A.B. asks: 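Can you keep this structure in mind? I'll have questions shortly.
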Amino acid sequence: TKSGDNYLKSLLGILYLFDDGKSHTNFIAKSDCTCYRIPKASIMEYILDKPYLLRQLIDIAMKFYNTTIIRTQNKQKRNTVGLLCQFLLEQANVVDGKLAVRKACTNVEISKFLGVHQVTAARIIKCLIDEKVIVRCKNGLTILDENKLKAYAYDERKLSYS
């Protein structure tokens with residue numbers, strides 16, 4: 001997921017420069033974007049001259065690593081609630097002082113991204129709404145209780161959705 005709020009995070013595949021230099025993944029743009037191809041040598045020269053950028057890249061890599069570990073554990077445990085809640089947290093941005101998930105994240109899109117049935121995604125979202133963790137609004141979903149959503153995402157709290 002890419003957004004323009006952090007220029008380093010918005011660079012698609014920046015971490016791949018330290019591997020083979022090729023990204024084999026898709027991305028979701030949270031806002032309009034323009035893509036440029038920057039030669040690997042140019043960006044490496046620029047980054048290596050700025051230690052604070054290297055530190056930021058390490059921070060980004062660790063956040064990605066930790067998110068991947070949590071997602072993997074949720075998949076292994078078949079914790080669909082955790083996967084969906086984690087996805088909502090990852091997609092959320094502050095809009096008008098509130099944490100919100102954009103309207104493009106429909107039940108269908110969420111289910112496709114997570115590899116779950118769209119009825120399952122819809123049931124979980126309905127339960128989260130009933131629990132007053134999230135609410136539907138004209139621009140998508142607004143997160144009312146981030147701590148509760150995190151507790152579901154990290155499997156510290158259970159949600160029955162059947």
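This structure is a prediction, so every number in the text was calculated from the model and none was measured.
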A.B. asks: Where do Y46 and I38 land on the side-chain contact (heavy atoms from CB on, under 4.5 Å) test, with the steps shown first?
C.D. replies: CA-CA 11 Å; Y46 183 79; I38 303 169; over 6 Å; no
A.B. asks: Any chance you could measure K50, atom NZ, to Q56, atom CD, to the nearest 0.5 Å?
C.D. replies: 12.0 Å
A.B. asks: Find the distance between CD (E90) and SG (C85) and round it off to the nearest 0.5 Å.
C.D. replies: 11.5 Å
A.B. asks: Mind listing the closest non-hydrogen atom pair of S111 and A121 along with its distance?
C.D. replies: CB-CB, 4.1 Å
A.B. asks: CZ/F87 to CG/L149 distance, rounded to the nearest 0.5 angstrom?
C.D. replies: 12.0 Å
A.B. asks: Could you measure the distance from the NZ atom of K112 to the NE2 atom of H117? Nearest 0.5 Å is fine.
C.D. replies: 12.5 Å
A.B. asks: L83, V108: one ILVMFWY side-chain cluster at the under-4.5 Å cut-off?
C.D. replies: no
A.B. asks: Among residues at least two apart in sequence or on other chains, which ones pass side chain to side chain donor-acceptor pair (under 3.5 Å) with D130?
C.D. replies: K126
A.B. asks: With hydrophobic residues grouped by side-chain heavy-atom distances under 4.5 Å, do L114 and I129 end up in a single group?
C.D. replies: yes
A.B. asks: Mind running side-chain contact (heavy atoms from CB on, under 4.5 Å) on L128 and L84 for me, showing each step along the way?
C.D. replies: CA-CA 10 Å; L128 290 170; L84 193 143; 4.1 Å; yes
A.B. asks: Please evaluate residues F113 and C105 with respect to the criterion side-chain contact (heavy atoms from CB on, under 4.5 Å), reporting the C-alpha separation (whole Å), side-chain torsions for both, the decisive distance (0.1 Å), and the verdict.
C.D. replies: CA-CA 10 Å; F113 187 84; C105 285; over 6 Å; no
A.B. asks: Any non-hydrogen side-chain atom of L88 less than 4.5 Å from a side-chain atom of I110?
C.D. replies: yes
A.B. asks: Hey, any chance I60 and L48 share a hydrophobic cluster, counting ILVMFWY side chains that come within less than 4.5 Å of each other, even indirectly?
C.D. replies: yes
A.B. asks: Nearest heavy-atom pair of Y152 and N79: which atoms, and what distance?
C.D. replies: O-ND2, 4.2 Å
A.B. asks: For residues D49 and P51, report the shortest heavy-atom separation together with the two atoms involved.
C.D. replies: O-CD, 3.7 Å
A.B. asks: Between D59 and K63, does the salt bridge (Lys or Arg N to Asp or Glu O under 4.0 Å) criterion hold? Intermediate values first, please.
C.D. replies: CA-CA 6 Å; D59 290 346; K63 184 174 181 184; over 6 Å; no
A.B. asks: Looking at N66 and M62, would you say the former's side chain and the latter's main chain have a donor-acceptor pair under 3.5 Å?
C.D. replies: yes
A.B. asks: Check the pair Y161, T80 against side-chain contact (heavy atoms from CB on, under 4.5 Å), reporting the backbone distance first and the verdict last.
C.D. replies: CA-CA 10 Å; Y161 63 90; T80 308; 4.1 Å; yes
A.B. asks: Can you check whether L57 reaches I47 side chain to side chain, under 4.5 Å on heavy atoms?
C.D. replies: yes
A.B. asks: Ignoring hydrogens and angles, tell me if any N or O in the side chain of T120 forms a donor-acceptor pair with the backbone of V116 under 3.5 Å.
C.D. replies: no
A.B. asks: For residues 131-146, please give each side-chain donor-acceptor pair under 3.5 Å, one per line with the distance, not counting sequence neighbours.
C.D. replies:
{"residue": "R136", "atom": "NH2", "partner": "N107", "partner atom": "OD1", "Å": "3.2"}
{"residue": "D145", "atom": "OD1", "partner": "N147", "partner atom": "N", "Å": "3.3"}
{"residue": "D145", "atom": "OD1", "partner": "K148", "partner atom": "N", "Å": "3.0"}
{"residue": "E146", "atom": "OE2", "partner": "K150", "partner atom": "NZ", "Å": "3.4"}

